[in-house]
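One structure below.
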Amino acid sequence: FYNNVNASIMFIPLMIAFEAEPLMASWASGQLFSAPFWAAMMVAGFFGFSIGIVTVLQIKATSPLTHNISGTAKAAVQSMLAFYIWKNPATFMGVMGIFTVLG
């Protein structure tokens, strides 16, 4: 819970410091107040919250190390899918990184 509160408090000043220009452009164009923007934000927030719940449940059932290993393996599989589905370029270092994680 406290991580979400801390992130919410820290998010606004960091967003203003590093993204002031795009933020002002979105504000001026009205995109910041559009229904599709807020619908996408709500969906992303729901899934982000759900991932947090699943993480707690996974660590409760296994261990933090197992959670870390499964998360790393998931990222490697997602990278392999990106090569296959979206035809991302497979650089030597990228492929070696995936094989290092999975090997």
Side-chain angles (χ1 to χ4, degrees):
F1 171 76
Y2 64 88
N3 283 337
N4 290 335
V5 173
N6 289 339
S8 298
I9 292 169
M10 293 171 54
F11 181 68
I12 294 172
L14 290 172
M15 188 173 68
I16 291 170
F18 293 106
E19 298 291 333
E21 187 175 318
L23 182 62
M24 296 313 283
S26 297
W27 183 286
S29 69
Q31 289 178 329
L32 206 57
F33 307 105
S34 69
F37 171 76
W38 284 105
M41 291 294 284
M42 295 295 284
V43 169
F46 171 77
F47 283 117
F49 183 77
S50 298
I51 287 171
I53 297 294
V54 170
T55 298
V56 168
L57 293 174
Q58 183 183 24
I59 292 173
K60 185 177 178 182
T62 59
S63 72
L65 178 61
T66 304
H67 169 71
N68 194 353
I69 292 169
S70 69
T72 303
K74 178 190 68 144
V77 170
Q78 286 174 338
S79 297
M80 290 184 347
L81 286 173
F83 292 142
Y84 179 72
I85 295 172
W86 291 286
K87 309 292 188 243
N88 287 4
T91 63
F92 175 75
M93 292 299 288
V95 172
M96 290 306 296
I98 290 172
F99 285 136
T100 300
V101 167
L102 295 178

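Environment of CE in Met15: crowded, with over 12 heavy atoms of neighbouring residues, nucleotides or ligands closer than 6.0 Å. The neighbour count for Phe37 CZ, taken as heavy atoms of other residues, nucleotides or ligands under 6.0 Å away, is above 12.
For the atom pair NE2 (His67) and CG (Leu57), the distance works out to 11.5 Å, reported to the nearest 0.5 Å. Once rounded to the nearest 0.5 Å, the distance linking CE of Met80 with CG of Asn88 reads 13.5 Å. Going from atom CE of Met93 over to atom OG1 of Thr100 covers 8.5 Å, rounded to the nearest 0.5 Å. Leu14 CG to Met10 CE: the interatomic distance, rounded to the nearest 0.5 Å, is 5.5 Å. Rounding to the nearest 0.5 Å gives a distance of 9.0 Å between CD of Gln58 and OG of Ser63. Note: Ile59 CD1 to Thr55 OG1 = 6.0 Å, rounded to the nearest 0.5 Å.
A cation-pi arrangement is found for Lys87 relative to Tyr84, the charged atom lying closer than 6.0 Å to the ring centre and inside a 45° cone about the ring normal.
By the rule that hydrophobic residues join a cluster once side-chain heavy atoms approach within less than 4.5 Å of another member, Val54 and Ile51 end up as members of separate clusters. Met41 and Phe49 fall into different hydrophobic clusters, where Ile, Leu, Val, Met, Phe, Trp and Tyr residues are linked whenever their side-chain heavy atoms come under 4.5 Å apart, directly or through other members.
Under the 6.0 Å cut-off for aromatic ring centres, Phe33 and Trp38 do not qualify, their centroids lying 6.0 Å or more apart.
When all heavy atoms of Ser79 and Ile98 are compared, the closest pair comes out as CB-CD1, 3.5 Å. The two residues Trp27 and Leu32 come nearest to each other via the heavy atoms CE3-CD2, 3.5 Å.
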